[in-house]
Amino acid sequence: MPHQAVVLRHTQESRALAPSNRRLYTAHIDPHMHIVAAEPDFSRQFGRTSADTCGRNLYELLHPSAPSVLNRHFTRLAEGRSSRFAERMVGLGTAGRVFSGELTGIAVQNTTGNLAGIVVQVRPDTEADSTDLRDVAGHPRERLLSKLDAQVLEGIAAGASTVQLAARLYLSRQGVEYHVGLMLRKLKAPNRAALVARAHSMGMLTVGQWPPRVLPEFIK
């Protein structure tokens, strides 16, 4: 079966599995993470044209923290240790706009069983989820976090572990988990990855700066 037909078949199959009530944007990347084909709507979601999207590394469309979260997943696909994954992501749109959502990667094999490429699907958070965030956060620039909360969030966004944060902030591991738990409840996030994604979607974290920092207007 020709390579293009393999990609099309996998794209159609994965679309059939997607929830019908959520928008889904699809692209195809090669094993080196370069975008080789993208739907126009996929490109528009990131504030680009199809011509500008193709040839770019996927990570150019995502927040700088993306490699630390996604590299392990893509490596497993490339090595044949998994066939698909789903992970939280933060995308970069036009004029510095960021949006949160879910990124799914699906391995595409050729007729010899080797990796031909990866179908990437981006499912932005729903409008209902955005409304929920406004209910949680109130005014978009409300001072939600203490200085210590902000330091913990910055560490999580940069990929630091509980042990690393405890040593850096002179806290016990239980102290770090306490502050993480407070923020999870405050932002109604189910886990750390979702916490970082929601913080980005609310504009709490800097974009284009590494390591990310919480903007001072969100700190009490």
Side-chain angles (χ1 to χ4, degrees), residues 1-48 50 52-93 98-126 129 156-159 189-198 200-201 207 210 212:
M1 183 181 295
H3 176 70
Q4 295 273 349
V6 173
V7 173
L8 178 60
R9 177 172 60 82
H10 278 264
T11 302
Q12 291 171 336
E13 290 174 353
S14 56
R15 275 188 172 280
L17 296 173
S20 60
N21 62 336
R22 300 185 67 182
R23 295 297 302 275
L24 190 67
Y25 306 101
T26 302
H28 181 253
I29 65 174
D30 65 22
H32 303 291
M33 304 295 294
H34 292 104
I35 300 171
V36 296
E39 295 178 333
D41 285 345
F42 178 94
S43 301
R44 280 193 289 270
Q45 181 66 29
F46 293 94
R48 299 177 183 273
S50 295
D52 183 45
T53 302
C54 291
R56 290 186 178 274
N57 190 290
L58 175 66
Y59 289 144
E60 293 183 48
L61 308 184
L62 305 178
H63 188 266
S65 61
S68 64
V69 178
L70 296 175
N71 273 345
R72 177 173 56 87
H73 292 300
F74 282 116
T75 298
R76 287 174 61 85
L77 292 185
E79 295 176 350
R81 291 186 288 141
S82 68
S83 60
R84 66 183 293 142
F85 72 85
E87 183 61 82
R88 296 292 299 173
M89 53 139 280
V90 176
L92 303 178
V98 298
F99 65 93
S100 62
E102 183 178 82
L103 184 147
T104 300
I106 305 167
V108 178
Q109 296 180 335
N110 58 25
T111 54
T112 62
N114 295 319
L115 183 71
I118 300 170
V119 172
V120 172
Q121 298 178 324
V122 170
R123 186 177 293 116
D125 289 335
T126 62
D129 193 38
I156 295 172
N191 52 48
R192 292 187 180 202
L195 176 66
V196 173
R198 291 200 170 194
H200 276 299
S201 70
V207 176
W210 190 260

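Along the sequence shown, residues are numbered consecutively beginning with 1.
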#### Entry: Partner set under side chain to side chain donor-acceptor pair (under 3.5 Å) for N71, not counting sequence neighbours
Y59
### Summary
Value for CZ (F74) from CD1 (I29), rounded to nearest 0.5 Å, stands at 4.5 Å
### Task
Measure up the H73 and F85 rings against each other and bin them: parallel (under 30°), tilted (30 to 60°), perpendicular (over 60°).
parallel
### Query
Roughly how far, to the nearest 0.5 Å, is the NE2 atom of H32 from the CG atom of N57?
11.0 Å
### Task
State, yes or no, whether a side-chain contact exists between L62 and L70 at a heavy-atom distance under 4.5 Å.
yes
### Message
So T75 and R81, do their side chains get closer than 4.5 Å, heavy atoms only?
### Response
yes
### Task
Output all residues satisfying ring pair (Phe, Tyr, Trp, His ring centres under 6.0 Å) with F46, sequence neighbours left out; order by chain, then residue number.
F42, F99
### Query
How far apart are the closest heavy atoms of G117 and P31, and which atoms are they?
CA-CD, 4.3 Å
### Query
Mind checking what makes salt bridge (Lys or Arg N to Asp or Glu O under 4.0 Å) contact with R192, not counting sequence neighbours?
E177
### Summary
Scanning both residues in full, the closest heavy-atom pair of R123 with T104 reads NH1-OG1, 4.4 Å
#### Entry: Partner residues of A194 under the side chain to side chain contact (heavy atoms under 4.5 Å, CB included) criterion, sequence neighbours left out
R88, A189, P190, N191
### Summary
Sorted by chain and residue number, the salt bridge (Lys or Arg N to Asp or Glu O under 4.0 Å) partners of E87 (sequence neighbours excluded) come out as none
#### Entry: Non-hydrogen side-chain atoms of V120 and I35 separated by less than 4.5 Å
no
### Summary
Between H28 and A116 the two heavy atoms that sit nearest each other are CE1-O, 4.4 Å
### Query
For D41, which residues count as a salt bridge (Lys or Arg N to Asp or Glu O under 4.0 Å) partner, sequence neighbours excluded?
R23, R44
## Note on the structure
For S83 and L77, the nearest pair of non-hydrogen atoms, with its separation, is C-CD2, 3.5 Å
### Query
What are the two closest heavy atoms between H63 and L92, and how far apart are they?
N-CG, 3.9 Å
### Heavy-atom closest contact (A38 atom, C54 atom, distance)
N-SG, 4.2 Å
### Message
Tell me if a side-chain donor or acceptor on E39 pairs with a main-chain N or O of T26 at a distance below 3.5 Å.
### Response
yes
